[in-house]
Amino acid sequence: MPEYTFFENLGTAEDIFKHLLICDESFKPPLSETIELGEYAQKLFEHATRLEFWIDNDLAALSAFYLKKELKSAFITNFSVIPLYTGTGIAQKLMNCTLEYLSNADIATIELEVKKINKRATGFYIKNNFEKKTEGDQSLLLRKTLL
């Protein structure tokens with residue numbers, strides 16, 4: 001696994017935008033086909049809790065989620081690794097950090113949405129004990145219970 005530095009909420013909206021742009025084609029379908037990346041980066045910067053792995057000066061991996069502490073729940077809105085580091089174990093390490101962070105924040109349930117055609121991502125989440133909550137025409141809502 002490459003050497004990385006872990007930060008919480010370090011990146012700027014521009015850093016997040018660059019990261020999303022590099023990761024765009026890794027999403028199935030590409031993220032830019034469903035949302036405007038600049039607006040999404042700004043939203044993540046302003047409203048999401050972000051766990052970030054930096055390698056040199058690059059935001060290599062990003063987990064962004066919204067906390068609903070009163071409901072003891074979280075929604076992972078983005079989980080991405082730049083293609084250069086795919087297959088290095090950094091995604092699993094980031095997921096472990098995300099789960100530990102949320103558990104320490106007294107979060108009981110985590111949800112996320114994944115497109116059905118993104119088999120690699122779906123497999124990754126299932127491997128991490130997320131279960132199907134609901135199924136739409138094009139996406140799955142997955143849930144994991146922590147407590």
For [X] against [Y], the heavy-atom pair lying closest together:
{"X": "Ile107", "Y": "Ala74", "value": "CG2-N, 3.8 Å"}
{"X": "Leu141", "Y": "Leu112", "value": "CD1-O, 3.3 Å"}
{"X": "Glu8", "Y": "Thr49", "value": "OE2-CG2, 4.1 Å"}
{"X": "Pro29", "Y": "Ile117", "value": "N-CD1, 3.8 Å"}
{"X": "Ala64", "Y": "Arg50", "value": "CB-CG, 4.1 Å"}
{"X": "Ile90", "Y": "Ala60", "value": "CD1-CB, 4.5 Å"}

Might you work through the side chain to side chain contact (heavy atoms under 4.5 Å, CB included) test for Leu99 and Ile110, ending with a clear yes or no? CA-CA 9 Å; Leu99 297 175; Ile110 308 166; 3.5 Å; yes

Would you say [X] and [Y] make side-chain contact, with heavy atoms under 4.5 Å?
{"X": "Val81", "Y": "Cys23", "answer": "no"}
{"X": "Thr77", "Y": "Tyr66", "answer": "yes"}
{"X": "Leu71", "Y": "Thr109", "answer": "no"}
{"X": "Ser80", "Y": "His19", "answer": "yes"}

Give, for atom [atom1] of [X] and atom [atom2] of [Y], the distance between the pair rounded to the nearest 0.5 Å.
{"X": "Phe53", "Y": "Tyr4", "atom1": "CZ", "atom2": "OH", "answer": "4.0 Å"}
{"X": "Phe6", "Y": "Leu94", "atom1": "CZ", "atom2": "CG", "answer": "8.0 Å"}
{"X": "Arg143", "Y": "Ser73", "atom1": "CZ", "atom2": "OG", "answer": "8.0 Å"}
{"X": "Ile55", "Y": "Leu84", "atom1": "CD1", "atom2": "CG", "answer": "7.5 Å"}
{"X": "Phe27", "Y": "Glu33", "atom1": "CZ", "atom2": "CD", "answer": "12.5 Å"}
{"X": "Leu31", "Y": "Glu36", "atom1": "CG", "atom2": "CD", "answer": "10.0 Å"}

Atom NZ of Lys115: over 12 foreign heavy atoms under 6.0 Å: yes

Does a sphere of radius 6.0 Å around CG in Asp56 hold more than 12 heavy atoms from other residues, nucleotides or ligands, not counting ones at 6.0 Å or beyond? no

Salt bridge (charged side-chain N to carboxylate O under 4.0 Å, His left out) contacts touching residues 120-141 (sequence neighbours left out): Glu111-Lys133, Lys116-Glu135, Lys132-Glu135

Checking the side chain of Ser139 only, and the main-chain atoms of Gly136 only, is there a donor and an acceptor separated by less than 3.5 Å? no

Find out if a path of hydrophobic residues (ILVMFWY) with successive side-chain heavy-atom gaps under 4.5 Å connects [X] to [Y].
{"X": "Met95", "Y": "Leu44", "answer": "no"}
{"X": "Ile76", "Y": "Leu146", "answer": "yes"}
{"X": "Val114", "Y": "Tyr40", "answer": "no"}
{"X": "Phe17", "Y": "Phe45", "answer": "yes"}
{"X": "Leu21", "Y": "Ile16", "answer": "yes"}

Trace of the side chain to side chain contact (heavy atoms under 4.5 Å, CB included) decision for Asn78 with Leu62: CA-CA 7 Å; Asn78 183 83; Leu62 173 66; 3.6 Å; yes

State yes or no: are the ring centers of Phe124 and Phe79 separated by less than 6.0 Å? yes

Over 60° means perpendicular and under 30° means parallel, so classify the ring planes of Phe65 and Tyr101, tilted if in between. tilted

Does any donor atom in the side chain of Gln92 or Asn128 lie under 3.5 Å from an acceptor atom in the other side chain? yes

Flag for Glu100-Asn96: side-chain donor and acceptor within less than 3.5 Å: no

Report the C-alpha distance between Leu140 and Glu113 in whole Å, list the side-chain angles of each, state the deciding distance to 0.1 Å, and finish with yes or no for side chain to side chain contact (heavy atoms under 4.5 Å, CB included). CA-CA 6 Å; Leu140 300 171; Glu113 185 177 342; over 6 Å; no

Pairs flagged by side chain to side chain donor-acceptor pair (under 3.5 Å) wherever residues 20-32 is involved - sequence neighbours left out: Asp24-Ser32

Glu14 with Lys18: basic N within carboxylate O range, under 4.0 Å: yes

